[in-house]
Each structure stands twice: as C-alpha cells, then as structure tokens.
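In what follows, a structure is listed as structure tokens, so that the remarks can point back to it.
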Amino acid sequence: MNVLIVHAHPDPHSLTASLKDLAVEALRADGHEVVVSDLYAMKWQAAADFDDFDGITGPDFMHASGAAYGSGRLARDIRAEQQKLLDADLVVLHFPLWWFTVPAILKGWIDRVFCYDFAYGAGIPRYGAGPFAGKRAMVATTVGGRAGHYTDRGVNGPIADLLFPINHGVLFFTGFDVLPPFVEPSAVHLDDRQYSGIAERYRRRLATAFTAEPIRYRPESGGDYTGLTHPDGSELAPGTETPDSSGFALHTAGPDRP
C-alpha cells in the first residue's frame, strides 16, 4: 500500500519527529511504500492567497481556487501534494497539539491543498462519500497535558472533541475512512524507558492501519440525516441518535465515542 505522512513539527529531535521516523521504518518494514511531506523542512507556505492561482482572481477566492485547479494553473507545490493524496491509500497526519488544534503550517497545508473542485465543491459528495472514499486516514498527535486532562471531565475537554474538526470536518468530510487517533499525552520530558513504551504502542497501531475498524461516523447519505430538502439542511433525524449522546458524539453511530 502507499502511505503519505504529513509531518508538522519544527524540531527534528522532537517526540513527534521520532514517532514519524518510527512510522516510516515500521511501515516500510511491512512492505508499504511511504512518502513523507515534512512541512517545516519543505518551507511550506502556510497562507493561502491568490498568488497560488496564476493570475485567476475571481469571482471569489473559493471559486478561483477551483478554476486554477481545473485549468492546471495551481501553484506547483500544491499540485505535488494533491498528487501525493491521490496516490495514497493511507494518510497519516503527524503533529503536536498546539493551542487545541494543529500547527499553523499544517492548517495551511489543508487550506491550500484541499481546494475547491479537488477536495470539495458543488456536486461533490461529502461526509463519507467524498473524493477520497476508499482511502484511510489517521491522526498521530502528541499533547503536553496528562491523559486525564483530555477526558469528558478533564479540564481540556475530551480529545475526541478537540480532534473532531480534523477527523470529521476535514478527513471524513472528504471521504476518508478515519481511524481512531494515536494520542500520546504527557509528551514533555520523557525518559528512554517511557519512549520505548510509546514506540511499541505506536508500532502496534501502525501494524493494524489497514485492518482496524474506522471511527463509525455517520455518512451524510446514509439515511440518518434529514437531507438538503429539509429547512435546516442535513440535520440528524429525530430518533437516530445514540441514547444519552450529545454534541459531536451525535454524529458517531453506536454507543462508543471515537
């Protein structure tokens, strides 16, 4: 299988970078082809702007990105990353959780690469049936707080909620089967023994990347939503929710949260 790892950390000696290197080694040892987009090493431009569109400026930014994509006039670095996505069977986003979200450079990769008419657009199915349907994706992230900080009662909020905009709003939206994230808490001041345990857990996760059950997000076209003919658009239909669920968890089928 073909794997794309998108890595976003400025320190090549960080835990995030070490786990990225481990992933490359483990996946290749299992016979997979691995390509790495190391965004800091690439000096990736984070800001999306009209300079990406070779003179196309309208009728608005979104449609200009689609026109540039359709005419082959997107910036070369964007087209290269799009081809990597098209070639990949599995995409792994490797990043530290900074201020409860991805680093700006990774957000900029998403903003520029997932352009209109490529990753989304009028007439393009979404939420489980998008252009990347049949591919898998996984988040691998490190967080500074202790594990208990990222639970339902934790002061930082549930990690599933913090990652929902990426897992559901970016990856599932565009069609990926989204695997449960690999999250490593207390990622500061680790010793060699602790790292050895983390590395072993990550190796086991990677070994099941093509067999593990994805998060059971509800597809928009699966019958659980009211549809675009409803006054409020695609809203979860009454009676379809899992008992005692609320918020983001409403959009996951079954009793267990991701």
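Source: prediction; values computed, not measured. Along the sequence shown, residues carry numbers from 1.
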**Prompt:** With no hydrogens and no angle check, is any side-chain donor or acceptor of Arg218 less than 3.5 Å from a backbone partner on Leu250?
**Reply:** yes

**Prompt:** Do the side chains of Met1 and Leu179 join up, straight or via other hydrophobic residues, at under 4.5 Å, putting them in one cluster?
**Reply:** yes

**Request:** Check whether Leu236 and Phe173 end up in the same hydrophobic cluster, where Ile, Leu, Val, Met, Phe, Trp and Tyr are linked by side-chain heavy atoms less than 4.5 Å apart.
**Result:** no

**Request:** Over all heavy atoms of both residues, which pair between Ala17 and Pro12 is shortest? Give the atoms and the distance, please.
**Result:** CB-O, 3.4 Å

**Request:** Would you please indicate yes or no on a ring centroid separation below 6.0 angstrom for Phe210 and His32?
**Result:** yes

**Item:** salt bridge (charged side-chain N to carboxylate O under 4.0 Å, His left out), paired with Asp52, selected from Arg79, Arg112, Arg73
**Value:** Arg112

**Prompt:** Yes or no on side-chain contact (heavy atoms from CB on, under 4.5 Å) for Leu4 and Asp87, after CA distance, side-chain angles and deciding distance?
**Reply:** CA-CA 8 Å; Leu4 170 63; Asp87 292 341; over 6 Å; no

**Request:** Would you give the length of the straight line joining atom SG of Cys115 to atom CE of Met62, rounded to the nearest 0.5 angstrom?
**Result:** 11.5 Å

**Arg201 side chain to Glu184 backbone, donor-acceptor under 3.5 Å** = no

**Message:** Using 0.5 Å steps for rounding, measure from the CG atom of Asp224 to the OH atom of Tyr127.
**Reply:** 14.5 Å

**Fill in**
What one should report as the nearest heavy-atom pair of Ala48 and Asp111 is CB-CB, 4.3 Å

**Whether Lys135 side chain and Ala88 backbone form a donor-acceptor pair below 3.5 Å** = yes

**Message:** Consider side-chain hydrogen bond (donor to acceptor under 3.5 Å, both in side chains). Of Glu81, His7, His94, which one does Ser37 pass it with?
**Reply:** Glu81

**Item:** side-chain contact (heavy atoms from CB on, under 4.5 Å) evaluation trace for Phe53 with Leu74
**Value:** CA-CA 5 Å; Phe53 307 152; Leu74 276 176; 3.8 Å; yes

**Prompt:** Taking the side chain from Asp89 and the backbone from Asn2, do they hold a donor-acceptor pair closer than 3.5 Å?
**Reply:** yes

**Asked** Are Val183 and Phe248 joined in one hydrophobic group, where the rule is that I, L, V, M, F, W and Y side chains link up if heavy atoms are under 4.5 Å apart?
**Response** yes

**Prompt:** Per the side-chain contact (heavy atoms from CB on, under 4.5 Å) rule, which among Leu39, Val35, Val113 passes with Val6?
**Reply:** Leu39

**Request:** Kindly compute the distance separating CG (Asp152) from CD1 (Ile159), expressed to the nearest 0.5 Å.
**Result:** 12.0 Å

**Prompt:** What are the two closest heavy atoms between Ala8 and Ile105, and how far apart are they?
**Reply:** CB-CG2, 3.9 Å

**Asked** To the nearest 0.5 Å, how far apart are NE2 in His63 and OG1 in Thr57?
**Response** 14.0 Å

**Item:** Whether over 12 other heavy atoms sit under 6.0 Å from Glu200 CD
**Value:** yes

**Prompt:** Cluster question for you: counting only ILVMFWY and a side-chain heavy-atom cut-off of under 4.5 Å, with indirect links fine, are Tyr195 and Leu206 together?
**Reply:** yes

**Other residues, nucleotides, ligands: >12 heavy atoms within 6.0 Å of Asp11 CG** = yes

**Asked** Side chains of Lys107 and Thr101: do they bring a donor and an acceptor to under 3.5 Å?
**Response** no

**Message:** Could you check whether any side-chain N or O of Thr252 sits under 3.5 Å from a backbone N or O of Arg216, counting only pairs where one atom can act as donor and the other as acceptor?
**Reply:** no

**Message:** If I compare all heavy atoms of Ile5 with all of Ala23, which pair ends up nearest, and what's the gap?
**Reply:** CD1-CB, 3.9 Å

**Prompt:** What heavy-atom pair brings Tyr69 and Asp117 nearest, and what distance separates the two atoms?
**Reply:** CE2-O, 3.3 Å

**Request:** Would you please test Arg205 and Met138 for side-chain contact (heavy atoms from CB on, under 4.5 Å) and show each step?
**Result:** CA-CA 10 Å; Arg205 281 297 310 277; Met138 183 178 77; 3.1 Å; yes

**Asked** Heavy atoms, side chains only, cut-off 4.5 Å: are Leu85 and Phe114 in contact?
**Response** yes

**Asked** Under the 3.5 angstrom rule, does the side chain of Thr174 hit a backbone N or O of Gly130 as a donor-acceptor pair?
**Response** no

**Prompt:** Side-chain contact, heavy-atom cut-off 4.5 Å: Ile56 with Ser71?
**Reply:** yes

**Salt bridge Arg203-Glu25, side-chain N to carboxylate O under 4.0 Å** = yes

**Prompt:** Where is the tightest heavy-atom contact between Gly145 and Tyr150, given as atom of each residue plus distance?
**Reply:** N-OH, 3.5 Å

**Check: Arg126 side chain, Glu220 main-chain N or O, donor-acceptor pair, under 3.5 Å** = no

**Message:** Just verifying a value: how many Å separate Asn156 CG and Leu162 CG, rounded to the nearest 0.5 Å?
**Reply:** 7.0 Å

**Request:** Check each of Val139, Val178, Val102 against Leu163 using the side-chain contact (heavy atoms from CB on, under 4.5 Å) test, and report the only one that passes.
**Result:** Val139

**Item:** Test item: Tyr116 side-chain N/O and Ala122 main-chain N/O as donor-acceptor pair under 3.5 Å
**Value:** yes

**Asked** Got Ile78 and Gln82 here, is their nearest side-chain heavy-atom distance under 4.5 Å?
**Response** yes

**Message:** Tell me if the centroids of the rings in Phe118 and Phe132 come within less than 6.0 Å of each other.
**Reply:** yes

**Asked** Would you call Pro185 and Arg146 a side-chain contact if the rule is heavy atoms closer than 4.5 Å?
**Response** no

**Prompt:** Measuring from Glu235:CD to Thr226:OG1, what's the distance to the nearest 0.5 Å?
**Reply:** 5.5 Å

**Request:** Could you tell me how the ring of Phe164 sits relative to the ring of Tyr217: parallel (under 30°), tilted (30 to 60°) or perpendicular (over 60°)?
**Result:** perpendicular

**Request:** Would you indicate whether the side-chain heavy atoms of Val143 and His149 approach each other to under 4.5 Å?
**Result:** no

